[in-house]
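Below is one structure, written out as structure tokens; the observations come after it.
Per chain, numbering begins at 1; letters A, B, ... match sequence-line order.
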Amino acid sequence: MGAADPFTLYHAPLRSRLLLGTARYPSPAILAEAVRASACEIVTVSLRREAGGSRAGESFWGLIREIGVRVLPNTAGCRTAREAIATAQMARDVFEADWIKLEVIGEEDTLQPDVFGLIEAARALSAEGFKVFPYTTDDLVVAEKLLDAGCEVLMPWAAPIGSGRGVNNAFALRALRAHFPGVPLIVDAGLGAPSHAVAVMEMGYDAVLLNTAVSRAGDPVAMARAFGLAVEAGRLAHLAKPMTPRDMAEPSTPALGRPFGDVA
Amino acid sequence: MRIQVNGRPRDVSATTLDALLRELGYEDQKVGTALNQEFVRDKDREKTQLQEGDAVEIVTPRQGG
């Protein structure tokens with residue numbers, strides 16, 4: 001695909017349409033191998049408290065730099081706009097990057113975004129020059145308000161984070177795609193299998209962000225590669241314009257000239 | 001002076017955020033900081049005074065989804 005199918009996020013040209021999370025891998029070595037196998041160019045990272053002297057953060061950051069991918073820091077776990085804004089600001093200081101995956105969580109069981117806090121934080125961070133990637137629901141009105149707030153990319157969920165359920169509401173994701181044809185849309189959260197990634201890419205989503213489906217697979221490296229191929233397959237299928245489903249059969253072999261039939 | 005560092009009470013002798021990072025062994029690490037839930041930039045830590053009861057957050061890069 002490449003030059004014939006350009007893909008940019010906040011003016012950054014990208015070849016891969018897969019973004020990978022870095023959490024919950026069996027080991028740092030498997031994380032590095034999985035990222036390479038997936039051919040993704042962007043990984044999500046976080047900020048956490050560290051006990052003085054443990055240097056876990058330093059070691060992790062060294063690994064990410066060694067892999068040589070772009071980072072998308074998140075505000076995971078933040079429950080208010082204020083917390084998310086402060087976390088984003090700290091992330092810009094630490095990672096020296098103005099990209100931020102903005103999460104403001106509103107509900108514990110589903111990890112559903114608090115869309116009111118999300119819009120408030122998106123507006124404040126966009127005004128400060130951040131390039132905001134909001135983790136949001138599949139709600140059209142919220143999507144519109146996030147775009148008004150300065151977001152140039154939207155990341156609707158497919159299902160709750162880490163659930164692996166795939167697409168819970170295909171109608172809503174299709175409606176979002178149809179309403180915002182020019183906006184980069186990334187499905188974030190809930191995908192469990194490469195077939196789910198193919199499905200959303202066939203719908204016309206621009207990219208997919210995954211973590212648990214890869215890191216908790218029996219073989220994370222093989223699964224990372226499978227998702228990389230799935231995203232490519234889905235994108236190719238979308239560009240190839242899939243046929244429209246029908247209710248009734250239609251023979252693919254021409255009926256004309258079949259043996260044993262009547263001669264017209 | 002008693003302050004909260006990453007959610008835990010701690011007696012410290014530092015009176016600025018910059019000095020606190022040195023006292024806790026972070027001086028050569030890339031960290032993000034916040035004081036009472038407000039972000040403090042790297043270059044502003046030296047002039048950021050600490051007061052009794054302040055809540056300081058010190059964070060570093062970590063795995064995330």
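- Counting heavy-atom pairs closer than 4.5 Å to chain B, the top residue among A:Leu19, A:Thr44, A:Asn211 is A:Thr44.
- No side-chain heavy atom of A:Ile64 sits less than 4.5 Å from a side-chain heavy atom of B:Pro61.
- Heavy atoms of other residues, nucleotides or ligands lying less than 6.0 angstrom from CD of B:Glu52 number more than 12.
- There is no contact between B:Val5 and chain A, counting heavy-atom distances below 4.5 Å.
- For A:Tyr10, the OH atom counts as densely surrounded, since its 6.0 Å shell holds more than 12 non-hydrogen atoms of other residues, nucleotides or ligands.
- Environment of CZ in A:Arg65: crowded, with over 12 heavy atoms of neighbouring residues, nucleotides or ligands closer than 6.0 Å.
- Distance check: B:Lys30 NZ to A:Glu58 CD gives 11.5 Å after rounding to the nearest 0.5 Å.
- Taken to the nearest 0.5 Å, the CZ atom of B:Phe39 stands 8.5 Å off from the CD atom of A:Glu128.
- Residue A:Glu83 qualifies as enclosed at atom CD: its count of foreign heavy atoms under 6.0 Å is above 12.
- Between A:Arg49 and B:Glu57 there is a salt bridge, since at least one side-chain N of the basic residue sits less than 4.0 Å from a carboxylate O of the acidic one.
- Both the backbone and the side chain of A:Asp93 come within contact range of chain B, each with at least one heavy atom under 4.5 Å from a heavy atom of that chain.
- Interface remark: A:Phe95 contributes side-chain atoms only to the contact with chain B (heavy atom separation under 4.5 Å).
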| CA sep, side-chain torsions, deciding dist, call: B:Glu38, A:Gln89, side chain to side chain contact (heavy atoms under 4.5 Å, CB included) | CA-CA 9 Å; B:Glu38 295 289 339; A:Gln89 291 166 328; 5.8 Å; no
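- For B:Glu46, the CD atom is loosely surrounded, since the number of other residues' heavy atoms within 6.0 Å does not exceed 12.
- Between B:Gly64 and A:Ser46, the shortest heavy-atom distance links the atoms CA-CB, 3.8 Å.
- Pairing each heavy atom of A:Val94 with each of B:Val31, the nearest pair is CG2-C, 3.4 Å.
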| field | A:Arg92 vs B:Asp42, salt bridge (charged side-chain N to carboxylate O under 4.0 Å, His left out): CA-CA, chis, key distance, verdict | value | CA-CA 11 Å; A:Arg92 182 156 66 177; B:Asp42 187 341; over 6 Å; no
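- Note that CZ of A:Arg24 is 12.0 Å distant from CD of B:Gln63, once rounded to the nearest 0.5 Å.
- Taken from OG1 in A:Thr22 to CZ in B:Arg62, the straight-line distance is 11.0 Å, to the nearest 0.5 Å.
- For the atom pair CE of A:Met90 and OG1 of B:Thr33, the computed distance is 7.5 Å after rounding to the nearest 0.5 Å.
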| said: Using side chain to side chain contact (heavy atoms under 4.5 Å, CB included), reason through A:Arg55 and B:Gln29 one step at a time and then give a plain yes or no. | reply: CA-CA 8 Å; A:Arg55 294 193 173 270; B:Gln29 280 193 72; 3.2 Å; yes
